[in-house]
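Structure, as structure tokens:
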Amino acid sequence: MKTARINTPLGIAELGGDSDGLFHVKILDSEEAVSKEIPPELKPAADQLASYFKGELKDFDLKLNPQGTDFQKKVWNKLLEIPYGTTTSYLELSRALGDEKAIRAVASANGKNPLWIIVPCHRVIGSNGSLTGYAGGLHRKKWLLDLENPPSQQSLF
């Protein structure tokens with residue numbers, strides 16, 4: 001597996017994958033050095049993430065190969081259906097998967113998503129609209145949601 005670390009507005013991200021696809025994209029909370037060279041297998045992901053952070057890319061087009069259980073993969077595939085700039089709740093996601101009683105399992109699978117941003121787990125919020133749970137930290141979740149759907153400028157008059 002090849003790895004590379006890239007700089008993002010939210011910190012250093014590590015990409016991992018090979019010719020079979022991208023295994024993981026994760027945010028690091030440490031001050032790791034950014035990679036001097038990006039392996040060819042990871043270059044499309046690095047380029048697309050850079051475009052996403054500039055607000056130029058809404059849909060990723062990458063070969064993905066996340067490792068997980070069949071249920072986790074089912075949840076992650078459903079996350080890919082959440083459009084840019086929108087959100088859904090854990091309950092709505094559970095219903096879309098066919099079992100609203102599986103809400104805790106869905107939330108757990110969401111939290112184990114190995115492909116930060118690319119599989120948009122940040123677009124899942126609480127039923128009451130609250131920003132609940134995010135492995136990268138709620139401040140990053142809010143930042144990502146604001147990037148995708150900027151708050152409108154309020155008029156003073």
Side-chain angles (χ1 to χ4, degrees), residues 1-90 92-93 104-126 129-153:
M1 176 174 66
K2 309 277 182 163
T3 61
R5 288 181 299 280
I6 61 170
N7 198 13
T8 77
L10 297 173
I12 304 298
E14 182 181 272
L15 295 81
D18 59 23
S19 60
D20 291 330
L22 200 57
F23 293 160
H24 73 260
V25 176
K26 57 187 174 185
I27 190 72
L28 304 176
D29 282 320
S30 60
E31 291 297 320
E32 301 286 331
V34 173
S35 299
K36 291 182 171 127
E37 290 187 35
I38 308 290
E41 298 88 346
L42 302 176
K43 185 95 170 84
D47 291 345
Q48 288 184 37
L49 281 165
S51 293
Y52 169 84
F53 282 115
K54 290 177 189 171
E56 300 169 349
L57 180 79
K58 295 183 179 180
D59 296 304
F60 292 94
D61 183 19
L62 298 166
K63 186 175 180 182
L64 306 179
N65 190 14
Q67 305 302 300
T69 67
D70 288 342
F71 180 77
Q72 288 170 334
K73 290 177 183 178
K74 185 177 172 184
V75 172
W76 300 335
N77 282 327
K78 191 55 82 175
L79 292 173
L80 290 169
E81 296 175 15
I82 305 169
Y84 181 96
T86 65
T87 59
T88 191
S89 71
Y90 291 100
E92 289 168 341
L93 188 57
R104 289 186 187 273
V106 167
S108 176
N110 192 55
K112 292 180 178 156
N113 169 23
L115 292 166
W116 180 63
I117 298 175
I118 294 167
V119 174
C121 57
H122 60 279
R123 296 180 188 151
V124 183
I125 60 174
S130 64
L131 298 184
T132 58
Y134 189 62
L138 291 181
H139 67 289
R140 289 186 178 114
K141 184 172 192 167
K142 181 178 182 334
W143 193 97
L144 292 167
L145 293 174
D146 286 347
L147 172 71
E148 293 184 7
N149 194 8
S152 57
Q153 180 72 29

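Heads up: numbering here begins at 1 and tracks the sequence. Remember, it's a predicted structure, so these values are computed and weren't measured experimentally.
The 12-atom threshold is not exceeded at CD of Glu37, counting heavy atoms of other residues, nucleotides or ligands nearer than 6.0 Å. Under a cut-off of 6.0 angstrom, the local environment of CD in Glu31 is sparse, with at most 12 non-hydrogen atoms contributed by other residues, nucleotides or ligands. For Lys142, the NZ atom counts as loosely surrounded, since its 6.0 Å shell holds 12 or fewer non-hydrogen atoms of other residues, nucleotides or ligands.
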- Item | Candidate pair Tyr90 and Thr132, rule side chain to side chain contact (heavy atoms under 4.5 Å, CB included), full reasoning | CA-CA 10 Å; Tyr90 291 100; Thr132 58; 3.2 Å; yes
task = Output, in order, the C-alpha distance, side-chain angles, deciding distance and verdict of side chain to side chain contact (heavy atoms under 4.5 Å, CB included) for Val119 and Leu64.
result = CA-CA 9 Å; Val119 174; Leu64 306 179; 4.2 Å; yes
Note to self: With side chain to side chain contact (heavy atoms under 4.5 Å, CB included) as the criterion, how do Asp59 and Tyr52 come out once you've worked through the C-alpha distance, each side chain's angles and the decisive distance to 0.1 Å?
What the structure shows: CA-CA 8 Å; Asp59 296 304; Tyr52 169 84; over 6 Å; no
Run the salt bridge (charged side-chain N to carboxylate O under 4.0 Å, His left out) check on Arg140 and Asp29 step by step: do they pass? CA-CA 12 Å; Arg140 289 186 178 114; Asp29 282 320; 3.0 Å; yes
* To do: Evaluate the criterion side chain to side chain contact (heavy atoms under 4.5 Å, CB included) for residue pair Tyr134 and Leu144; output intermediate values, then yes/no.
  => CA-CA 11 Å; Tyr134 189 62; Leu144 292 167; 3.4 Å; yes
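Using modelled atom types and a 3.5 Å distance limit, the side chains of Glu148 and His122 yield a donor-acceptor pair. In the model, Asp70 has no side-chain atom that pairs as donor or acceptor with a side-chain atom of Gln72 under 3.5 Å.
Side-chain contact between Arg123 and Leu79: absent, with no pair of heavy atoms (C-beta onward) separated by less than 4.5 Å. Considering only heavy atoms from C-beta on, Leu57 stays 4.5 Å or farther from Tyr84 through its side chain. Residues Trp76 and Cys121 have side chains not in contact (no heavy-atom distance under 4.5 Å, counting atoms from C-beta outward). Annotation: side chain of Leu145 is in contact with side chain of Ile125 (closest heavy-atom distance under 4.5 Å). The shortest distance between side-chain heavy atoms of Ile117 and Val25 does not fall below 4.5 Å. In this structure, the side chains of Leu22 and Asn65 stay at 4.5 Å or more apart for every pair of heavy atoms. With a 4.5 Å cut-off on side-chain heavy atoms, Thr88 and Thr86 do not count as touching. At least one side-chain heavy atom of Trp116 sits less than 4.5 Å from a side-chain heavy atom of Leu10.
Lys2 places no side-chain N or O within 3.5 Å of a backbone atom of Leu42 that could act as its donor or acceptor partner. Gln48 places a side-chain N or O within 3.5 Å of a backbone atom of Asp61 that can act as its donor or acceptor partner. No donor-acceptor pair closer than 3.5 Å links the side chain of Arg5 to the backbone N or O of Ala13.
Of all the heavy atoms in Val106 and Val75, the pair that sits closest is O-CG1, 4.1 Å. The shortest non-hydrogen separation linking Leu93 to Val124 is CD2-CG2, 4.1 Å. Taking both residues in full, the closest heavy atoms of Ala45 and Leu15 are given as CB-CD2, 3.4 Å, listed atom of the first, atom of the second, then distance. Nearest heavy-atom pair across Ala105 and Phe71 is O-CE2, 3.6 Å. The minimum heavy-atom distance between Ile6 and Ala46, with the atom names listed, is CG2-CB, 4.1 Å. Between Ser35 and Ala4 the shortest heavy-atom distance is OG-CA, 3.3 Å.
Distance CG/Leu138 to CH2/Trp143: 16.0 Å, rounded to 0.5 Å.
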